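Chain A is the first sequence line, chain B the second, and so forth, proteins listed ahead of strands; every chain is numbered from 1. All values derive from a computational prediction rather than experimental measurement.
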2 protein chains.
Amino acid sequence: MPVKIKAYLQEKGINPSMQRVAVMHYLLNNFTHPTVDEIHSNLSDSIPTLSKTTVYNTLKVLVDNGAALQLTIDEKNTRYDGNITPHAHFICLGCGCVHDVEPIKLDEVSLSMYKNLRITETQVYYKGFCEKCYQEKLLKEAENKK
Amino acid sequence: MPVKIKAYLQEKGINPSMQRVAVMHYLLNNFTHPTVDEIHSNLSDSIPTLSKTTVYNTLKVLVDNGAALQLTIDEKNTRYDGNITPHAHFICLGCGCVHDVEPIKLDEVSLSMYKNLRITETQVYYKGFCEKCYQEKLLKEAENKK
DNA sequence: AATTAAAATTGTAATCATTACAAATTGGTA
DNA sequence: TACCAATTTGTAATGATTACAATTTTAATT
């Protein structure tokens, strides 16, 4: 697996340092759309010297070279995704969890209206409540009616 | 016009204070998808005592009551939109300008797969280069080839 | 194996948007 | 006028991100 990740980074034109392989490995094995903090604290166990600056630097390299996606779905923290195939995202306004959802079919007809805009990237975000948080919300609302 | 904005806020259940009317008025007359700073510095001319905290508070009230949209399209600053009709947004990676674009047609079929997610809001973001920045980019790239 | 230069990593300090909070102000009501 | 609640204001704190200089690693060359 680490060998494959090394080759994967090289394909993308990224020098596969130990830290970069570790971050990429984390992204490809955790589907939580992690924040910088999440990545850093989890990798600190196996790489005690890992600095947060390196995680920032590495994610910038990955994103700039098309090996990861940067999501602005969460106002608090930037989130990252190692899944670069087209898909959309859902964030729960209760617990903040982020899930992949099916890609929508882009309406090329309406997009072609904007010939003066060179679109390089599309992000589709859904916001709402996951099942668990929705149930909790219903309970709370019922409490308040008493 | 200010009278209409007052009524509009009241319809949304918002107490139409002078500051709130001013912010709403700004949003409805400027299609730049402004940041807090832009709103504050522009309104400071006519309301010298306006504090930035009030702009933050007011925008929160507007968003919470459905009178404005909060956009997370720009990693640097949160942007706000007084146009609450369904539409998508484009941000230029060169100059940072944000434009409205046609709403895409949501693919209800694929969304219905996620019955366990209660979706309350959809945001569609396109990133790329506006005409001006695209031309500048082409010029720079030509320079570098020399 | 030693030398060297470039690239990558690290830690600290700075930046800057946003939030917390307490004091002051405003507006409506008795 | 006096009072209460809502709103506004200014200041200070928070916290994510960036800047930067020093250190370490890597890879190539002798």
Side-chain angles (χ1 to χ4, degrees), chain A residues 2 5-6 9-10 12-26 33-65 67-68 70-80 91 93 96 98, chain B residues 2 5-6 9-10 12-26 32-65 67-68 70-80 91 96 98:
Chain A
I5 288 175
K6 207 172 153 186
L9 292 180
Q10 280 167 333
K12 298 282 184 182
I14 299 167
N15 191 342
S17 71
M18 181 262 283
Q19 289 86 343
R20 288 174 179 175
V21 170
V23 171
M24 190 75 240
H25 182 266
Y26 189 87
H33 307 81
T35 63
V36 167
D37 258 16
E38 180 183 332
I39 297 171
H40 178 254
S41 63
N42 278 285
L43 292 183
S44 283
D45 297 338
S46 47
I47 313 173
T49 62
L50 183 69
S51 78
K52 204 175 280 187
T53 300
T54 296
V55 178
Y56 275 105
N57 289 343
T58 298
L59 287 167
K60 181 167 171 37
V61 170
L62 296 181
V63 170
D64 287 351
N65 290 278
Q70 190 173 32
L71 309 183
T72 57
I73 193 173
D74 177 354
E75 290 113 50
K76 300 284 175 197
N77 297 90
T78 304
R79 287 165 170 273
Y80 295 88
I91 189 170
L93 300 174
V98 175
Chain B
I5 287 175
K6 207 172 152 187
L9 292 180
Q10 280 167 334
K12 299 283 183 181
I14 300 167
N15 190 344
S17 71
M18 181 261 282
Q19 289 87 344
R20 288 173 179 175
V21 170
V23 171
M24 190 74 241
H25 182 266
Y26 189 86
T32 53
H33 306 81
T35 63
V36 167
D37 258 16
E38 181 183 331
I39 297 171
H40 179 254
S41 64
N42 278 285
L43 292 183
S44 283
D45 296 339
S46 47
I47 313 171
T49 61
L50 184 69
S51 79
K52 204 175 280 187
T53 300
T54 297
V55 178
Y56 275 105
N57 290 342
T58 299
L59 288 168
K60 181 165 171 38
V61 170
L62 296 182
V63 170
D64 287 351
N65 290 277
Q70 189 173 33
L71 309 183
T72 58
I73 194 173
D74 177 353
E75 290 114 51
K76 301 284 175 196
N77 299 87
T78 304
R79 286 165 170 274
Y80 295 88
I91 188 169
V98 175

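- Here the straight-line distance linking atom CD1 of A/Ile14 with atom CG of A/Asn65 works out to 4.0 Å at 0.5 Å rounding.
- Per the geometry, CE belonging to A/Met18 stands 17 Å off C1' belonging to D/dA27, to the nearest Å.
- One can place NZ of B/Lys60 at 13 Å from C1' of C/dA20, the figure rounded to the nearest angstrom.
- Separating the OH atom in B/Tyr80 from the CD atom in B/Gln70 is a distance of 4.0 Å, to the nearest 0.5 Å.
- Note on A/Thr54: a base of the nucleic acid sits closer than 4.0 angstrom, heavy atoms only.
- Atom-to-atom, CG of A/Leu50 to P of C/dA8 comes out at 16 Å; the value is rounded to the nearest Å.
- Contact annotation for A/Gln19: backbone-only contact, meaning every heavy-atom pair under 4.0 Å involves sugar-phosphate atoms and none involves a base.
- Along DNA chain D, the nucleotide nearest to A/Tyr56 and the one nearest to B/Asn57 differ in position, and the one closer to the 5' end is contacted by B/Asn57.
- In this structure, the nucleotide among D/dT9, C/dT9, C/dA17 sitting nearest to the side chain of B/Thr49 is D/dT9.
- Atom CD1 in A/Ile14 sits about 16 Å away from atom P in C/dA7, given to the nearest Å.
- Atom pair B/Lys6:NZ and C/dG27:C1' shows a separation of 12 Å (rounding to whole Å applied).
- Remark: of the listed residues B/Val36, B/Asp37, B/Thr35, B/Val36 is the sole one forming a side chain to side chain contact (heavy atoms under 4.5 Å, CB included) with B/Val55.
- For the pair B/Asn15 and D/dT7, the criterion of a side-chain N or O lying under 4.0 Å from OP1 or OP2 is met.
- Counting to the nearest Å, the C1' atom of D/dA16 and the CG atom of A/Leu59 are 14 Å from each other.
- Remark: side-chain polar atoms of A/Arg79 are not paired, donor with acceptor, to backbone N or O of A/Ile73 under 3.5 angstrom.
- Rounded to a whole Å, the CD atom of A/Glu75 is 17 Å from the P atom of C/dA17.
- The distance from the OG1 atom of B/Thr54 to the CD1 atom of B/Ile47 is 9.5 Å, given to the nearest 0.5 Å.
- The residue A/Thr78 sits close only to the backbone: its heavy atoms come under 4.0 Å of sugar-phosphate atoms, none of a base.
- Rounded to whole Å, atom C1' of D/dA19 lies 17 Å from atom NZ of A/Lys52.
- The side chain of A/Thr53 places no N or O atom within less than 4.0 Å of a non-bridging phosphate oxygen (OP1 or OP2) of C/dT10.
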